[in-house]
Amino acid sequence: MRIILTCLMVVLAASPIFSQKAKQLEQLLTAYDNANLFSGTVLVAEKGKIIFEKSYGYKNGPKKEKNTNNSIYRIFSTTKMFTATVILKLEEEGKLSVNDKLSKYYPDFPKGDSITIANLLSHTSGIPNETGSENTVDEKTFIKFISAKPLNFSPGKQWDYSNSGYYILGYIIKKASGMDYEKAIESYILKPLQMHHTGFHFNTVTDENKAFGYDFLSNHMSNEAFRFKTDHPFAAGAMYSTVEDLFKFNESFKSNTILKKETIEKMFTPYLNDHYGLGSDVLMVDGKKRIGHGGGGPGYRSIYYTVLDDDICFIAMSNSILAHTDLIVPKIENIIYNKPYKIPAVPKVNLQELKKLKGIYSTGDTKFYVTVVDGQVLFREKGHPICSLFPVSNTLFQLDENITFSFQLDQTGKINSIVVKLRDGSVKTGTRTANHYLWGIIGNATPGGWDGKDTPLQADLKNPNRYFLKNFHLKKGNLKFRVDNDWGYNLGLNSDGKTVALNAYDFPIAEDGQYDIMLDMSDPIKPQYSIKKSIL
């Protein structure tokens with residue numbers, strides 16, 4: 001009876017603590033939700049018990065359907081932990097060894113006798129990270145393509161992240177198990193763990209809980225992100241899941257449901273680099289080991305890790321590339337561990353004043369591109385992806401407390417410069433040089449080819465956000481639109497063959513000829529284009 005009473009007292013004492021933390025987490029996430037800077041689901045568990053689980057934003061922007069705790073998201077590279085788990089399970093069954101040479105499965109692979117399965121699992125093979133969708137249509141095509149590429153370094157000597165290595169692991173799973181890769185994942189992991197909302201072929205998923213991925217998502221506007229036509233990137237990142245299914249996967253490592261204890265220890269031990277084991281990130285923070293794997297791709301971000309010593313699991317999935325997921329999760333952890341954190345205030349900003357921030361700012365060494373859409377200030381440094389800034393005032397913004405963006409007024413009250421303060425204390429100052437972007441076309445259908453410079457488009461004098469070329473000669477081939485010779489901001493064709501998306505498929509040019517080309521960026525979230533044969 002004394003033991004029962006003691007346990008009851010502990011539970012009653014802990015409940016207010018959990019309740020307070022849940023309240024703090026909800027306040028944090030609501031702040032980002034109100035700023036349109038988080039759309040997704042968060043789950044936190046301690047010692048096998050879910051202590052917080054809540055969803056924000058929209059799973060379907062145009063229909064205004066809210067995310068729920070059952071929302072299904074693409075998890076991209078978190079898939080690698082599933083691939084590694086099946087490889088290690090096959091080793092337990094004696095069907096392969098992580099010490100097997102690549103030459104056992106591909107005798108003609110250059111230096112295949114010096115690359116092991118363990119090298120592929122740990123990103124120490126030296127095989128370059130090249131998995132363009134046109135080269136990954138099937139095993140034969142990919143192996144021919146990747147085996148022709150020189151190694152980046154001697155196997156086992158360095159660490160370099162390689163999706164290519166995980167493509168090969170997917171094919172090895174088929175050879176060793178006698179099952180297609182997806183079936184092996186289902187047989188060894190999904191069915192035993194009853195992960196009913198996890199799988200492959202996300203494009204064909206018809207579940208009402210499917211969360212669409214977005215390049216931009218707000219209360220009023222949205223643009224769906226690029227969707228791969230195939231189940232790319234295969235064993236390196238093709239899976240989808242929910243937070244609760246991923247939590248089931250996490251718990252399997254504690255119960256040894258799939259793998260033996262000694263196998264799990266090998267998986268969670270750094271192989272060469274100090275932060276990666278066999279298919280898992282392995283980090284020591286404050287003397288405590290944390291394991292897991294993040295994932296990100298068009299429209300989605302997945303974060304999953306467990307602090308092993310404390311048995312605390314953090315899972316966050318989002319369906320907007322502009323969501324501040326990577327910045328929010330550390331604050332979630334600080335709340336759980338009673339460490340300092342800040343909930344950013346959401347001020348009232350003047351939408352008309354925000355529009356004055358738009359433009360190109362040059363530092364001399366780099367350029368900053370600023371766009372304002374539906375009250376959100378979108379910032380991009382040349383060569384880097386776009387991010388959405390959290391407002392502090394009409395002229396001051398931040399990513400977090402240590403990265404700030406201050407727009408400066410000149411004597412006439414016009415915005416003429418921006419000061420960017422970075423986490424390391426360095427400062428970059430950019431002076432406004434233009435109000436509109438310089439768009440061009442690039443590709444083997446253009447005079448410059450893929451490795452040359454853009455062919456600039458002309459700006460319409462009446463509408464400077466509309467760009468065009470008239471009666472311009474294109475060769476049979478492909479092209480893309482991009483800004484200022486910079487692959488950091490390029491537009492292609494989505495899988496529907498109609499709409500435009502970031503980093504999407506090439507626009508095909510069927511034959512040589514004279515073309516009229518138009519790109520309309522009046523709505524930067526939903527660009528319009530046309531490429532038509534000229535009428536002479």
Side-chain angles (χ1 to χ4, degrees), residues 76-77 79-80 83-84 86-87 90 95-185 200-201 203 226 228-239 279 297 443-445 449-451 475-480 487 492-493 495 503-506 508-509:
F76 283 101
S77 283
T79 302
K80 289 181 175 67
T83 301
V86 170
I87 286 284
L90 291 172
K95 294 179 179 178
L96 57 74
S97 168
V98 296
N99 296 317
D100 284 345
K101 306 294 186 181
L102 183 55
S103 56
K104 176 180 177 180
Y105 303 94
Y106 299 101
D108 298 328
F109 201 101
K111 298 187 178 180
D113 56 352
S114 61
I115 300 171
T116 65
I117 289 179
N119 291 142
L120 298 174
L121 287 168
S122 60
H123 300 294
T124 60
S125 69
I127 295 174
N129 183 25
E130 297 190 32
T131 54
S133 56
E134 69 279 6
N135 300 311
T136 56
V137 292
D138 55 40
E139 179 182 2
K140 182 179 179 181
T141 301
F142 180 69
I143 295 299
K144 180 180 179 181
F145 165 75
I146 201 64
S147 63
K149 301 289 182 180
L151 298 181
N152 289 341
F153 51 81
S154 297
K157 298 300 182 182
Q158 298 181 44
W159 186 91
D160 192 21
Y161 198 81
S162 176
N163 286 314
S164 304
Y166 272 77
Y167 263 80
I168 297 172
L169 288 170
Y171 298 133
I172 289 175
I173 284 174
K174 180 178 180 179
K175 294 175 186 296
S177 69
M179 293 182 280
D180 286 341
Y181 167 75
E182 294 91 343
K183 291 295 182 183
I185 295 291
F200 299 86
H201 311 297
N203 285 353
F226 169 50
F228 296 111
K229 294 177 183 177
T230 62
D231 228 22
H232 184 72
F234 187 48
M239 295 181 70
N444 57 9
W450 285 114
D451 298 322
K475 295 178 288 186
K476 179 181 179 180
N478 299 282
L479 64 81
K480 280 189 170 182
W487 282 116
L493 195 60
S495 57
N503 305 307
Y505 290 113
D506 302 341
I509 305 302

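These values consider heavy atoms only, across backbone and side chains, with no hydrogens, waters or symmetry-generated copies.
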Heavy-atom closest pair (F234 atom, T79 atom, distance to 0.1 Å) is O-CG2, 4.1 Å
Count the heavy atoms of every other residue, nucleotide or ligand shown that sit under 6.0 Å from CG of D138, and state whether that count exceeds 12.
-> yes
Check for a donor-acceptor pair, side chain of D180 on one end and backbone N or O of K183 on the other, with a separation under 3.5 Å.
-> no
Applying side chain to side chain donor-acceptor pair (under 3.5 Å), name anything that partners Y106, two or more places apart in sequence or on another chain.
-> E139
For the pair F200 and Y181, name the ring-plane relationship: parallel under 30°, tilted 30 to 60°, perpendicular over 60°.
-> perpendicular
With S164 via side chain to side chain donor-acceptor pair (under 3.5 Å) - residues at least two apart | none
Could you give me the CA-CA distance, side-chain angles and deciding distance for I115 and L151, then say whether side chain to side chain contact (heavy atoms under 4.5 Å, CB included) is met?
-> CA-CA 11 Å; I115 300 171; L151 298 181; 4.2 Å; yes
Side chain to side chain donor-acceptor pair (under 3.5 Å) filter on Y166, not counting sequence neighbours, yields none
Got a donor-acceptor contact below 3.5 angstrom from the N444 side chain to the G477 backbone?
-> no
Are Y105 and K174 close enough that a side-chain donor and a side-chain acceptor fall under 3.5 Å?
-> no
Salt bridge (charged side-chain N to carboxylate O under 4.0 Å, His left out) contacts touching residues 103-129 (sequence neighbours left out) = D100-K104
What class does the angle between the rings of H232 and Y167 fall in, given that below 30° is parallel, 30 to 60° is tilted and above 60° is perpendicular?
-> tilted
Who passes side chain to side chain contact (heavy atoms under 4.5 Å, CB included) against K476, sequence neighbours left out?
-> D512
Answer yes or no: does atom NZ of K175 have more than 12 heavy-atom neighbours from other residues, nucleotides or ligands under 6.0 Å?
-> yes
Hey, does the side chain of T141 reach the backbone of V137 with a donor-acceptor pair shorter than 3.5 angstrom?
-> no
Going from OG1 on T136 to CD1 on I146, what distance comes out if it is rounded to the nearest 0.5 angstrom?
-> 10.5 Å
Step-by-step side chain to side chain donor-acceptor pair (under 3.5 Å) determination, N203 to K229 | CA-CA 8 Å; N203 285 353; K229 294 177 183 177; over 6 Å; no
What pairs with N152 under side chain to side chain donor-acceptor pair (under 3.5 Å), at least two apart in sequence or on another chain?
-> D160
Can you find a pair of side-chain heavy atoms, one from K80 and one from Y161, that are under 4.5 Å apart?
-> yes
Closest non-hydrogen atoms of L493 and D506, given as atom of the first, atom of the second and distance, are CB-O, 4.2 Å
Does N478 reach the side chain of I509, with side-chain heavy atoms less than 4.5 Å apart?
-> no
Donor-acceptor pair, side chain of D231 and main chain of H201, under 3.5 angstrom | yes
F109 meets the ring-ring contact (aromatic ring centres under 6.0 Å, His included) criterion, sequence neighbours left out, with none
Do you know which two heavy atoms are closest between W450 and W487, and how far apart they sit?
-> CZ3-CH2, 3.6 Å
Minimum heavy-atom distance between F142 and T131, given as atom pair plus value = CE1-CG2, 4.1 Å
In terms of heavy-atom contacts, T83 and I173 come closest through O-CD1, 3.8 Å
By side chain to side chain contact (heavy atoms under 4.5 Å, CB included) - contacts of N135 (at least two apart) | F145
Name all residues meeting the salt bridge (Lys or Arg N to Asp or Glu O under 4.0 Å) criterion together with K95; count only those two or more places apart in sequence or in a different chain, and write none if there are none.
-> E93
Distance-only, no hydrogens or angles: does the N119 side chain make a donor-acceptor pair with backbone N or O of P155 under 3.5 Å?
-> no
Would you please name every residue forming a side chain to side chain contact (heavy atoms under 4.5 Å, CB included) with N503, sequence neighbours left out?
-> N490
Pairs meeting criterion salt bridge (charged side-chain N to carboxylate O under 4.0 Å, His left out) with involvement of residues 122-133, two or more places apart | E130-K149
For A504, the side chain to side chain contact (heavy atoms under 4.5 Å, CB included) test, sequence neighbours excluded, returns F226, A501
Between CG on residue L102 and OG on residue S147, distance to nearest 0.5 Å = 9.5 Å
Would you find a donor on one side and an acceptor on the other, under 3.5 Å apart, between the side chain of S162 and the backbone of I127?
-> yes
Taking atom OG of S122 and atom CD1 of I117, what is their separation to the nearest 0.5 Å?
-> 11.5 Å
So, for L96 and A176, which heavy atoms are closest and what is the spacing to 0.1 Å?
-> CD2-CB, 3.8 Å
Can you list the steps and then say if V98 with T116 is a side chain to side chain contact (heavy atoms under 4.5 Å, CB included)?
-> CA-CA 7 Å; V98 296; T116 65; over 6 Å; no
